[in-house]
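Quick note: numbers below take in every heavy atom, side chains included, and nothing from hydrogens, waters or symmetry partners. Count residues from 1 along the sequence.
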Amino acid sequence: MTGTVETSKFVRELNRVWANLPGWGSLSAVNHSTIGLRFMVTGMVFFLIGGILAMLVRTQLALPEQDLISAELYNQAFTMHGTVMMFLFAIPVLEGLAIYLIPKMIGARDLVFPRISALGYYCYLFGGIIILSSLFLGIAPDSGWFMYTPLSSSVFSPGPGSDFWLLGITFVEISAMAAGIELTVSILRTRAPGMTLSRMPIFCWYILAMALMIVFGFPPLILASILLELERAAGMPFFDVAAGGDPLLWQHLFWLFGHPEVYIIFLPAAGIVSTLIPVFSGRPLVGYRWIVLSIILTGFISFGLWVHHMFTVGIPQLAQAFFSVASMMVAVPTAIQVFAWLATLWMGKVVFRLPMLWIMGFLVIFVCGGLTGVMLALVPFNWQVHDTHFVVAHMHYVLVGGMFFPLMAGLYYWLPLVSGRMLSERMGRWGFWLTFIGFNTTFLLMHLTGLLGMPRRVYTYEAGLGWDWLNLLSSIGGFIMAAGVAMVLLDLLLHYRFGRKATSNPWQADTLEWALDKPPAPYNFVSLPRIQSRSPLWDDPELGERLQAGEGSLVSIEHGRRETWGTDAVTGEPSEICHLPTNSWWPLMAAGALALVCVSLLMRWYPVAILGAVLAALPLFRWSWENGGHPSAAPLTPNDVEDELPLESRTLDGPGRWGMIITLLADGALYLSLLFGWFYLWTAAPQWSAPDDGPLSIWGLVLSGALLTLASLRFRQQARRLARGDEIGVQSGLWQATALGALHVLSLIAVLWVAPLAITDNAYDAVLFFMLLFLLFHSALAVIITALQAWRIKLGYVSARLPYEPQVVWPFWLYTTGIFWVSVALFVFLPMAWGAST
């Protein structure tokens, strides 16, 4: 392509195809840059609210025997502070940063499922508003951000506060899961040609690990929230000891999510550190491969540490010893990263610009937090300081030091890319030092307060216990920190108006995002690059200009579609062209309907909630309809010639299939959590009891399973025929699979209907009931999407030339069949064989 790019027809067409709609139409935007920025801005608003709550708490604790606020309001304040910071700020802001940066770093034009990004944002926004509305209504949850049972049960928290937390957080979790799936598939399948895994920017490795940890780490909390809400709203006793439940099950499920969450927050922040240190040291990162290995190890080990939050609840000593050792082991991969950073700094010529100042602050604070973490991993010490301010101080050193400081470094580093302007060095330094001094004044002293025995979550204390001056200084430090944060935020706002213009690569960075215009165009790259190393801009400083001049690849837009490369997960070589959806209202409509479900459940308006669920399903099915060969997507044409590579919908293994598999892995994590709960209650709940003969019809389940298996096999047969290019009889075959699946659903409903389940009397029946609902949901969904596939064949959207969608759906059938038989074996046959009452 030749000519001046600013005036070329190609660039004008790119802008037309990729632009957001104006005015209210911008609410239909799905572009990753827009969605990522919305995540970050919304997260910063929630951060300010959480910070104000923290100041309220510190003001109350500044002096002994104060009654500035009531105990009830204090409980709400610290509960909402933790909830907002953990669920509405830390993770969403980092997800937003990843959503904004990842396509730019891997040389793609967008994420691979843009509508899911938009749905995730609206779920996050509406969920956050629902949770915060309880605060402004004066009915906020007050059981702590971990919502331990039975404190959060309907007996001890009879108001709607806990319901706001459970439903709102579940809503927000949907957002996190959407981002986790999208980022995983995008990083693995849409990297620029030539970007092998070993050439991938180190930040992408961190985000890939974070995304996979979200996929496996969040389902336990989603399950726990659903179970607790069912207990509160419908009386199903999963955590009630008298009815065979166990409150410790909540703690297990919560910390199965909660401990990996610490690393879900830490890893992207560490990715910022690993990205910035080489830039400001002027040399490549030392030990790239070792750091990648340590990222993977951190991800694995973090899932084995959840019990170290429960050393004082009566865990057997052998288990305590195991989890104590495992907790200390996580220091090893973390230390690898710290030593690699120090080595890079040592071997380079460090330039101490503002981002590096925040990085140095991170190194000091995070190492201190890591050391107190090792102390807490020692069981005897843990027993001594459990539930004291020492733990609160440690948590803030790890999370604020491990996340907030790197995040600030990243904002100062990447904002010139977003806005095209530089921030104030002077205001930034004032902001940093006030924050650093204020933070350490607050939380370093809180370690001492905790060692002197001050428990956490107390709303006031007597004078003369030795805590007075420490609390006063901690509160003063909190306000100094707040002043520093306010100065930073003011700098961020003012720089859009008064900041000097940024040069094309102001930090002399090496990664691809700095090859873009500032601010970047919605399509990122005019033409897509081929990558030869990990530092493409250090190898070729003129790469950005050449890509903008159209000297890269994928420079066709006559079809009017949004496209990017689909590449091999390992080698990064192009394998297909992904056609991406344009602006869409379906995500907003689906999220709005889900919000209606959430509010209706809070108000106990169950018919309205059912209506909301139907309204949510309609746009979701509609957007799945506008895929593949649909006229608004990539329909077949008489001249459907593959000039470079096939479109994704003409292949058998595009990113959509990967998305389905990653989604099923997340679903499988939720199912495994349910199995864990089943076996935990069976083996540990003190009042667990079950009949010798199970309440479910064995023959009914076998018949239902046989129908499901036949439906699954029938579907598989049709998918294979399409893959071979044979479309004769496929439509009728899919209708047959639909009919068999429908009979299976009806038989499963019959099994549930006739079963004498006393779901409000004992946990055994409640778990069986939930398991059957879980199976029914998946079976019914399989039937619906199969019927839609049969209909799409009739309309020509699926055919021998468009065989892709059945390949995407087949893993869902396989998974549905698998969990059915596993459930029958473990929930029904095994208790009967073992002797359920023993």
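- A heavy-atom distance below 4.5 Å is not found between the side chains of His81 and Val57.
- Nearest heavy atom pair, residue Ser133 against residue Phe164, reads OG-CE2, 3.6 Å.
- Using a 3.5 Å distance cut-off with no hydrogens or angles, the side chains of Ser143 and Ser157 do pair a donor with an acceptor.
- Interatomic distance, CG of Asp491 versus CE of Met427, reported as 5.0 Å (0.5 Å rounding).
- Contact of the Ile476 side chain with the Thr441 side chain is not registered, since no non-hydrogen atoms from C-beta on lie closer than 4.5 Å.
- A heavy-atom distance below 4.5 Å is not found between the side chains of Gln251 and Phe146.
- Between the Thr344 side chain and the Val286 main chain, a donor and an acceptor come within less than 3.5 Å of each other.
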Pair Val400-Ile365, side-chain contact (heavy atoms from CB on, under 4.5 Å): steps then yes or no: CA-CA 8 Å; Val400 178; Ile365 293 174; 5.9 Å; no
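- Partner of Phe404 under the ring-ring contact (aromatic ring centres under 6.0 Å, His included) criterion, chosen from Phe362, Phe436, Phe47: Phe47.
- When atom types are taken as modelled, the side chain of Ser294 and the backbone of Ile291 share a donor-acceptor pair closer than 3.5 angstrom.
- Residue Phe300 qualifies as open at atom CZ: its count of foreign heavy atoms under 6.0 Å is 12 or below.
- With Tyr124 as the partner, the ring-ring contact (aromatic ring centres under 6.0 Å, His included) test is satisfied by one option alone out of Phe89, Phe171, Phe39: Phe39.
- Looking only at distances, no side-chain donor or acceptor of Tyr459 sits under 3.5 Å from a matching main-chain atom of Ser70.
- In plain terms, the two heavy atoms of Val398 and Phe366 that are nearest each other are O-CD1, 4.1 Å.
- Leu357 places a side-chain heavy atom less than 4.5 Å from the side chain of Arg429.
- Between atom CG of residue Leu342 and atom CG of residue Leu363 there is a gap of 6.5 Å, rounded to the nearest 0.5 Å.
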In sequence, state the C-alpha distance, the side-chain angles, and the governing distance for Phe390 and Phe381, and then conclude on ring pair (Phe, Tyr, Trp, His ring centres under 6.0 Å). CA-CA 11 Å; Phe390 185 95; Phe381 183 83; 5.3 Å; yes
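- Counting only distance, with no hydrogens or angles, the side chain of Ser302 and the backbone of Pro260 share no donor-acceptor pair below 3.5 Å.
- Sorted by first then second residue, the salt bridge (charged side-chain N to carboxylate O under 4.0 Å, His left out) pairs that include residues 150-172, not counting sequence neighbours, are Asp163-Arg232, Asp163-Arg604.
- Panel note: side chain Asn382, backbone Leu376; a donor-acceptor pair is recorded below 3.5 Å.
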Could you give me the CA-CA distance, side-chain angles and deciding distance for Asp142 and Glu72, then say whether side-chain contact (heavy atoms from CB on, under 4.5 Å) is met? CA-CA 7 Å; Asp142 56 4; Glu72 291 76 15; 5.8 Å; no
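- Contact annotation: the side chain of Met454 never approaches that of Met446 to less than 4.5 Å [non-hydrogen atoms, C-beta and beyond].
- In this structure, Ile130 and Leu167 have side chains that are not in contact, with every pair of non-hydrogen atoms separated by 4.5 Å or more.
- The heavy-atom pair separating Met403 from Leu94 by the smallest distance is CG-CD1, 3.9 Å.
- Residue-environment remark: CD (Glu65) exceeds the threshold of 12 foreign heavy atoms within 6.0 Å.
- The six-membered or imidazole ring of Phe87 lies near that of Phe257, with a centre-to-centre distance under 6.0 Å.
- Note that CG of Leu125 is 5.5 Å distant from OG1 of Thr42, once rounded to the nearest 0.5 Å.
- Annotation for Gln66: atom CD counts as buried by contact number, over 12 foreign heavy atoms lying within 6.0 Å.
- If you look at Trp346 and Phe339, their ring centroids are not closer than 6.0 Å.
- Under the 4.5 Å side-chain criterion, counting only non-hydrogen atoms from C-beta, Pro268 is in contact with Ile207.
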Side-chain donor-acceptor contacts of residues 312-320 below 3.5 Å, not counting sequence neighbours, with atom names and distances?
from   : atom 1 : to     : atom 2 : distance (Å)
Thr312 : OG1    : His386 : NE2    : 3.2
Gln320 : NE2    : Phe311 : O      : 3.0
Gln320 : NE2    : Ile315 : O      : 3.0

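- Note that the OG atom of Ser474 and the CE atom of Met481 stand 12.5 Å from one another [nearest 0.5 Å].
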Check step by step if side-chain contact (heavy atoms from CB on, under 4.5 Å) holds for Phe676 and Leu249. CA-CA 9 Å; Phe676 171 83; Leu249 174 60; 4.2 Å; yes
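- The two residues Phe266 and Gly402 come nearest to each other via the heavy atoms CD1-O, 3.9 Å.
- Distance alone, capped at 3.5 Å, places no donor-acceptor pair between the Glu231 side chain and the Ser153 backbone.
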Quick one, Leu48 with Leu489, criterion side-chain contact (heavy atoms from CB on, under 4.5 Å). Give me CA distance, side-chain angles, the key distance, then yes/no. CA-CA 10 Å; Leu48 288 177; Leu489 294 178; 3.3 Å; yes
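- If you look at Tyr397 and Phe439, their ring centroids are closer than 6.0 Å.
- Aromatic rings of Phe323 and Trp306 (six-membered ring for Trp) have centroids within the 6.0 Å cut-off, being under it.
- Each of Leu253, Ile226, Thr170, Ile169 was scored for a side chain to side chain contact (heavy atoms under 4.5 Å, CB included) with Leu221, with one residue passing: Ile169.
- A distance of 10.5 Å separates CG in Leu494 from CE in Met487, rounded to the nearest 0.5 Å.
- Between Trp358 and the choices Val488, Val273, Leu411, Leu407, the side chain to side chain contact (heavy atoms under 4.5 Å, CB included) rule is met once, by Val488.
- Closest approach of Met44 and Val93 over heavy atoms only: N-CG2, 4.2 Å.
- A heavy-atom distance below 4.5 Å is not found between the side chains of Phe254 and Met147.
- In this structure, Met375 places its CE atom where more than 12 heavy-atom neighbours from other residues, nucleotides or ligands lie under 6.0 Å away.
- Scanning all heavy atoms of the two residues, the minimum distance from Leu276 to Ala409 falls at CD2-O, 3.7 Å.
- A distance-only check finds a donor-acceptor pair linking the side chain of Thr449 to the backbone of Leu445 [under 3.5 Å].
- Using modelled atom types and a 3.5 Å distance limit, the side chains of Arg58 and Asn471 yield a donor-acceptor pair.
- Interatomic distance, Phe238 CZ to Trp250 CH2, rounded to the nearest 0.5 Å: 12.5 Å.
- The backbone N or O of Gly271 lies less than 3.5 Å from no partner atom in the side chain of Ser274, so there is not a single donor-acceptor pair.
- Around CH2 of Trp145, the count of heavy atoms belonging to other residues, nucleotides or ligands within 6.0 Å exceeds 12.
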